[in-house]
Each structure stands twice: as C-alpha cells, then as structure tokens.
Amino acid sequence: MPEDVDRHYRELVRLAYLVLPGRRRRIYRLAIARRIVDESLPRRPGRNPGRAYARARTRVLRRAIVPSWRLQVMLGPWLRALPARLPDPALTVALARLNPAARAAYVLLRVESLPRHTVRDQLVEAGVRDARAALEAADAAPDVAPPSLEPIVGPAVRRRSRLPIAAAAALTLILVSGFVITRSDPPSRPDVAHRLRVTTAGASDWNGGGRSLAVWPPRGALVRDTALVDRALAAWTRQMGARRDPQLLFAGRAGGTAVVLLRDGDRVGRYTDAHGVLEVSSVGETPGPLALGAGRYLLPPWITGASRAGSDKRVSVRDGVTESERVGAGCGRGPLLRLRQPGGSRTVADLGGPALTEMGYRTRSGETGSAASAVRLWERLACALPQPARPAASATAWEFWSGRLPGGTRGHWICTRYTFPDGASTAYGILFAGRTREYTTGDCGHEPDGAVSGTWRRSGGRWYYLAAASGELTPHAAGVDGKQDMRDGLLVVKGRRTEHPPAKPVILTARPEKS
C-alpha cells in the first residue's frame with residue numbers, strides 16, 4: 001500500500017462520507033464510505049504515490065456521487081469496524097439539500113481546500129456532466145465546519161492477509177460442496193432439511209388475478225439444474241438464515257453468467273454463479289421487471305409484449321426474459337421499455353436498482369402526458385437527476401412552470417418524485433434552460449399542486465435568483481437582497497455582477513396567489 005495513499009485514508013473516508021446521500025443513518029453512511037475507500041485503494045504500491053492518491057480520489061468520488069445499491073449488501077465487516085464515536089452530523093445535514101455533484105464540489109473546495117480549477121477537473125474526471133453548475137451550487141451553500149474523523153484510524157477493512165481469506169474461501173467451497181452432495185440424502189436434522197428446499201409457484205397461478213411476486217412461476221433454462229440452485233440456496237441460507245423457504249423465480253444465463261433469483265416476501269436475492277455472490281434487495285411485493293444482468297430483464301408473467309419506449313422497435317422476449325437492451329445514457333441509466341399488459345401499457349426504466357422503475361409524466365394541467373412526450377422528457381432527465389438513494393418503485397415527473405428566463409432563453413421547470421417500495425418518497429427540481437443547460441434546484445415538494453423550487457442563475461454576467469411554483473401558488477423568497485418581481489409566474493430577483501452567487505441562504509415558500 002503506498003504510504004502517501006495510506007496517510008490520506010482518513011481524508012478519503014471523509015470525502016466519501018460527505019458526498020454520499022445524507023438521508024441514511026450516520027452508522028450506515030460511514031460504513032459505506034469506508035467500503036468505498038477500501039475498494040478504491042490500489043492493491044500494489046506504485047512508483048508515483050501522488051498519482052495513486054489522485055486516482056483513488058477519483059474512484060472514491062465517482063462511487064460516492066452515484067452510489068450503487070450493491071454497496072449496502074454484505075456490509076457487516078465495515079459496520080463491525082466502526083468506532084464508538086461518530087462524526088458530528090451538522091455538515092451532512094447542511095449538505096443534504098445539495099445534489100451529489102454539488103456536494104462533491106463543496107467538499108473539494110471548502111473541506112479539502114483544492115484550487116477551483118483542480119476541483120473542476122476532478123469533477124469532470126469523476127463523471128460530473130456539468131461541473132460549472134456544481135461549482136455554482138457549492139458557492140451558494142453556507143459555510144459549515146467540517147466534521148472530525150479522528151475516530152477513523154487503523155487499517156482498512158480489506159487490508160488483511162490474503163492467506164486467511166483464501167483458506168476461508170477454500171473451506172467454504174468444501175462445506176458448500178458437501179452441502180450440495182448431501183441434499184438428496186435423508187436429512188438427520190429438521191433445520192438442514194428446511195435450508196435445502198425451494199418453493200415454486202404454479203405455471204398459471206398468476207391467472208387468478210394476483211399481481212405479486214408470489215405468483216411468478218420459475219423461469220429460465222437452468223431451473224432444473226439442481227446443483228446450481230443448491231449453490232444459490234446455500235448462499236441464501238448463509239446470508240439470510242433458514243427462517244422460511246425461498247421461492248425460486250429464475251435460473252438461467254445472462255450474458256454467459258449463470259444467475260439465480262430467489263425471493264422471500266419483498267426481498268429478492270440475485271445469485272451469480274461465477275463469483276458465488278448473493279445480492280439481496282427489497283423490491284416491494286409488486287415490482288416491475290427484475291434485472292438479471294447484461295441488459296436482460298425478467299418480466300412479470302402477465303406482460304404480453306415489450307418495445308423500446310418512443311419507437312416501434314419490438315424487444316424479443318423468450319420465456320419471460322428480454323433480449324439484451326443496452327443502456328444508451330452516459331450516466332448508466334436506461335433503457336426505457338414500453339410493456340403491454342391486459343388493460344393497457346406502462347413505461348419502465350432501469351435506474352440502477354434490482355427492479356425496473358415505473359415512469360410517469362403529468363402535464364401542467366394535471367393530466368397524464370402522452371407516451372411520446374414522456375419519453376422525450378425522461379431521456380433528458382435520465383442523467384440530469386441525482387441517483388435515487390435506494391431502489392425506486394416509481395418515478396413521476398411534472399412540469400410546473402415554463403416561460404422566458406432573464407436573457408430570453410426558454411425555460412422549463414420540472415419536479416420529479418421518486419416513490420420507494422415502502423411508500424416513502426423524495427422529490428427533486430430540475431430547471432432546463434434552452435436545449436443544453438440543466439440546473440438541479442433541490443427539493444421541490446411531493447405533489448403536482450404544491451411544487452416550488454428556486455435557484456441562482458447567471459445571465460449576461462449578472463446573477464438572478466429565480467423561483468417558480470405550481471397551481472395557484474406564488475413563490476416567496478426570504479434572504480435575497482433586492483426587489484422581487486413576478487414575470488409570468490416566475491419570481492425574479494436581480495443580483496450583482498460578481499464571479500460567485502450570494503452565499504446567504506435563501507428560504508423559499510409558496511403561498512396561495514390571493515395572499
């Protein structure tokens with residue numbers, strides 16, 4: 001391990017901790033931060049420690065800005081390695097309203113004290129599409145003292161001898177092999193018999209009208225491969241215990257890799273035979289198509305056909321599994337699929353979770369938008385929106401304002417609500433300026449009739465604070481110096497000609513127009 005990288009271990013953990021979404025409990029956010037750093041550090045010393053540290057920082061940033069839900073799987077070693085005292089939450093609370101790219105810019109500028117041009121280059125290397133907007137949002141955020149991570153000392157979780165790990169892996173393989181071999185023998189203990197059993201739904205159970213995972217029949221070319229299913233079952237038993245028999249949903253190949261899907265309640269485990277890894281996620285009782293990997297998806301049994309949303313290209317489906325549909329967006333989100341089913345159709349998209357997310361769009365009048373307009377909007381929103389903190393069951397976008405921005409550019413303000421399997425939701429605002437610029441504008445409310453959002457935007461060298469609200473509401477901004485004018489539903493406050501927007505925090509509210 002390069003000494004320079006090792007010396008900066010605490011700084012890398014702090015960077016990941018502050019950039020990660022701030023909605024999770026500190027214990028989980030810190031464990032995930034340490035895992036990101038441990039998996040990003042180089043395994044062998046290099047000739048240039050400074051370059052190794054810069055590369056590690058880029059990897060840490062990229063994973064913290066768009067954290068994969070897989071980081072929450074098998075988190076035990078990092079949770080057990082946490083200190084008794086956790087960092088002060090003040091800064092993470094203050095940064096929670098910023099989008100991930102802006103949080104990264106804030107930390108690099110104000111915590112790491114890097115030069116502005118270095119921060120911009122680092123953001124670009126980490127995959128941020130609009131580094132300038134991220135820097136502007138970071139400039140507008142108030143200063144808060146960074147937390148101390150003095151308790152984060154000692155070696156990284158993964159920095160241990162590989163001999164015990166290899167020995168443990170070999171021993172596990174021997175035990176699992178024995179586990180599989182004894183499956184057909186009469187068990188001597190009831191709990192062993194319980195662990196070695198999977199359940200399946202009947203091929204036509206879903207015809208009874210149910211729409212839950214419980215009625216999905218097992219599909220895939222390898223459902224009769226008992227050795228493969230036993231290996232998946234052993235992995236499930238080790239991780240989940242033997243409380244209930246899991247249901248077999250799929251056993252087959254995705255991109256040449258053998259994959260098994262097991263289910264218990266609203267939790268689905270995806271086992272990949274190549275690595276012997278089981279990833280378990282909560283997807284709700286009635287999820288959309290399940291991701292198998294390599295761009296393939298397992299469709300609910302009642303789906304009668306699929307096509308690429310916004311086109312006439314049909315997607316081939318065999319035994320409930322789609323052909324490989326590659327992601328077109330540079331941020332790794334997509335594709336959008338149009339699914340046909342009795343009673344209508346729906347649009348779903350891959351947002352990086354274990355199940356596809358149902359996508360919706362509402363016009364300013366509150367009506368459901370056309371499929372074509374929804375696809376055009378979601379194709380632009382795909383990379384502009386922050387990554388959901390956890391897998392989302394549905395996402396609904398609605399335009400709550402459109403008109404001319406200062407300088408004459410046409411603007412559209414969109415509010416998007418992610419709804420999660422447990423019923424919780426979160427919402428983000430995006431201001432589109434022309435055809436190329438997007439501004440992430442924070443929380444915009446959770447209902448189409450109550451959306452409100454605001455942001456600083458520069459035009460002609462001058463800063464303007466802009467805000468808009470939906471329905472019969474009028475936005476009001478407290479903390480902005482200057483006269484507040486309403487222009488066709490847009491609140492405009494003319495600021496100064498400065499390099500950075502005002503740092504004073506703005507409190508935005510919306511009131512009925514008559515007030």
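Note that the structure is a prediction, hence the values are computed from the model and not measured.
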Query - Phe432 six-ring centre to Arg380 NZ/CZ under 6.0 Å and within 45° of normal - result: yes
**Report entry** Neighbour count >12 (heavy atoms, 6.0 Å) for atom CZ, Arg219
**Finding:** yes
Query raised in the report: Using a distance-only test with no angle check, is there a side-chain donor-acceptor pair under 3.5 angstrom linking Tyr9 and Asp38?
Result: yes
Query raised in the report: Got a donor-acceptor contact below 3.5 angstrom from the Arg417 side chain to the Ala427 backbone?
Result: no
Query raised in the report: Short question: side chain of Arg270, backbone of Leu292 - any donor-acceptor pair under 3.5 Å?
Result: yes
Query raised in the report: Do Thr416 and Trp378 have side chains that get closer than 4.5 Å, going by heavy atoms?
Result: yes
**Report entry** Residues Arg57, Glu11; criterion salt bridge (Lys or Arg N to Asp or Glu O under 4.0 Å); working and verdict
**Finding:** CA-CA 9 Å; Arg57 186 174 63 195; Glu11 285 75 14; over 6 Å; no
Query - Side chain proximity check, Thr257 to Asp273, heavy atoms < 4.5 angstrom - result: no
Query raised in the report: Should the pair Arg29 and Tyr17 be classed as cation-pi, given the thresholds of under 6.0 Å to the six-membered ring centre and 45° from the axis?
Result: yes
Requested in this report: Identify, with sequence neighbours excluded, every residue that meets side chain to side chain contact (heavy atoms under 4.5 Å, CB included) alongside Ala477.
Outcome: Tyr465, Val480, Gln484, Leu491, Val506, Leu508
Report task. Mind checking side chain to side chain contact (heavy atoms under 4.5 Å, CB included) for Ala510 and listing every partner two or more places apart, or none if nothing turns up? Result -> Val452, Ala469, Leu473
Requested in this report: Please report the C-alpha distance between Glu39 and Arg34 in whole Å, then the side-chain angles of each, then the deciding distance to 0.1 Å, and finally whether the salt bridge (Lys or Arg N to Asp or Glu O under 4.0 Å) criterion is met.
Outcome: CA-CA 9 Å; Glu39 295 176 352; Arg34 290 199 64 185; over 6 Å; no
**Report entry** Ser453 versus Thr441, side-chain donor and acceptor atoms under 3.5 Å
**Finding:** yes
Requested in this report: For the residue pair Gln122 and Thr58, confirm or rule out a side-chain donor-acceptor distance under 3.5 Å.
Outcome: yes
Report task. Check whether any side-chain heavy atom of Pro301 lies under 4.5 Å from a side-chain heavy atom of Trp216, and answer yes or no. Result -> yes
Query raised in the report: Any donor and acceptor pair, going by atom type alone, linking the side chain of Asn99 with main-chain N or O of Ala102 inside 3.5 Å?
Result: yes
